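Reading through the structure tokens given below for one structure.
The sequence lines fix the lettering, A, B, ..., with proteins before strands; numbering per chain opens at 1. Keep in mind that what you see is a predicted model, and the values were worked out from it rather than measured. Side-chain atoms are counted along with the backbone in the values below, which use heavy atoms only and exclude waters and symmetry mates.
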Amino acid sequence: MLGDDPSSLSLSSSFNEFNNSSLQDTQVFENVSFVDGLLESGETIKELTNAWMNERNSPELLTYKGYLVNELVEQLDYQVNRILETPMTSHQDKLNSMLYQNEIERIKFIIKSYLRTRLHKIEQCTLDLLRNQDIEELMSEKELIYARNYQKLVEQHNHDSFLHTLPERQHKQDERSGDLNMVVTSNLEAPVFIKVLENSGNVQLARDEMVMFEKDDIFILRYADIRSLLLSGAVRLL
Amino acid sequence: MSSMMGESSYKLAKEAKRTSDMLISTYNDDLVQNVCREIRMLHARAEASVRGMRNSNTAPPNVPSQLTQIMLHHLTIKRNKRILFAYHHQRLEKLKELSWGIGRQSQERQIKEALSKEENDFLESYGDLVNNYKSHFLDIDLGGNGGVGLDPPLDLFIEVRVLRDAGKIITEYGELNLTKGNQEFVRRSDVETLIKAGYLKHIA
């Protein structure tokens, strides 16, 4: 029974913390953990939240964190079933159920936003991404299928709409001329806000500038400068 | 045959800019065909020039006026092509936005009339492509098609008033019976589609 479970004590204490922290604070995710020993999910949620923030703010497509998404989808399913099965006897039960459901909705939102942001980026730079060698790591299988089909669809549409009326030599859809390139690439020079996670000492930026990176510093700079740091996990995007 | 080079494509570009705010404008088939015709003509002329130069025995080909002419034709062709791509691309972006936003509902007929046949095909195929991807994440409900939007969830349950009879709705957590005039306290995720479709009204 939920009421007898000693870990329900942790739930009420975490509820007190829930009261104190603001509702916008993503730290709430760490405190409202699943009862019954599924505490590892707390870490997964935090990692997914970070991945989501990085993805939203970066100008290029980042590596797909499939292991996070898949695990959370499973957990969500399990959790929903648990909620449906537990009998709602006391007020405490009902409150617990509401808290779990709230958490579920919020996690669903993050997954949804993460996936859709990625789809959007894939649509922007499809051909460029498809020509990238590391594509297997970058996208999930389904995203890869989506990217290929989308590219085919757009090329087909262009061809059928006007390209077929032109002489054959003009049919190519990936030409370059001077500075212009028909294949869209992501803008790596875009500015981003970063928060430093580890002390990285002096960092070399482009144009021979050096900046001191200490933990919890916040900077705004060009994405290209901190790209490698982002990939290694030394910084995160805000 | 006295139209200026690039005039039609200029008009096309202006139209694209002008209609960028609208829902979607009618596909300007005439202008597009004009631009294509111009490209073909320029291409033919450029080819004729090159052939002429190759056949004549001036070596090295040192007739600047001919070279300039070929160069001009080439650049105009590329520019026309660029504008054609830009025009179509802008329309496609609009279509995709509509497909994710309002889906294919109230203004469907109005939209369909404004599109070319190829664009209608694109819209359908794109819808299929997206549905295919969504099918892997059915539990999460990626939204789109007039349903769930991309706003963060505020409350779990909301007050709604029923505007039209929607009958019995089966949700993940149970059944709902929606009859006109009733006020219900329902889960947000269940009713977002219905609110967008106009069956329910959210009460603050």
Whatever's closer than 4.5 Å to a heavy atom in chain A on B:R82 counts as side chain
Honestly, the part of B:E47 sitting under 4.5 Å from a heavy atom of chain A is side chain
Between [atom1] on residue [X] and [atom2] on residue [Y], distance to nearest 0.5 Å:
X: A:N149; Y: B:Y126; atom1: CG; atom2: OH; answer: 12.5 Å
X: B:L92; Y: A:E123; atom1: CG; atom2: CD; answer: 10.0 Å
X: A:S161; Y: B:F122; atom1: OG; atom2: CZ; answer: 10.0 Å
X: B:K96; Y: A:Y150; atom1: NZ; atom2: OH; answer: 2.5 Å
X: B:Q33; Y: A:T165; atom1: CD; atom2: OG1; answer: 6.0 Å
X: A:L163; Y: B:H88; atom1: CG; atom2: NE2; answer: 9.5 Å

How about A:F193: does its CZ atom have over 12 heavy atoms from other parts shown lying under 6.0 Å from it? no
_How about NE2 on B:H136, more than 12 heavy atoms from neighbouring residues, nucleotides or ligands closer than 6.0 Å, or not?_
yes
Practice item. Would you sort out whether A:Q124 and B:E93 count as a side chain to side chain contact (heavy atoms under 4.5 Å, CB included), showing the intermediate values? Key: CA-CA 10 Å; A:Q124 298 284 75; B:E93 292 292 311; 4.2 Å; yes
- Query: For A:V69 and B:F137, what are the C-alpha separation, side-chain angles and deciding distance, and is it a side chain to side chain contact (heavy atoms under 4.5 Å, CB included)?
  - Reply: CA-CA 10 Å; A:V69 176; B:F137 294 102; 4.1 Å; yes
Bottom line for A:E141: the part with an atom under 4.5 Å from chain B's heavy atoms is neither
Residues A:L166 and B:K81: closest non-hydrogen pair is CD1-CG, 4.3 Å
Discussion item. Are B:Y133 and A:E143 packed together at the side-chain level, in the sense that at least one heavy-atom pair is separated by less than 4.5 angstrom?
Written reply: yes
If you tally heavy-atom pairs under 4.5 Å between each of A:I111, A:D77, A:N102 and chain B, the highest tally belongs to A:N102
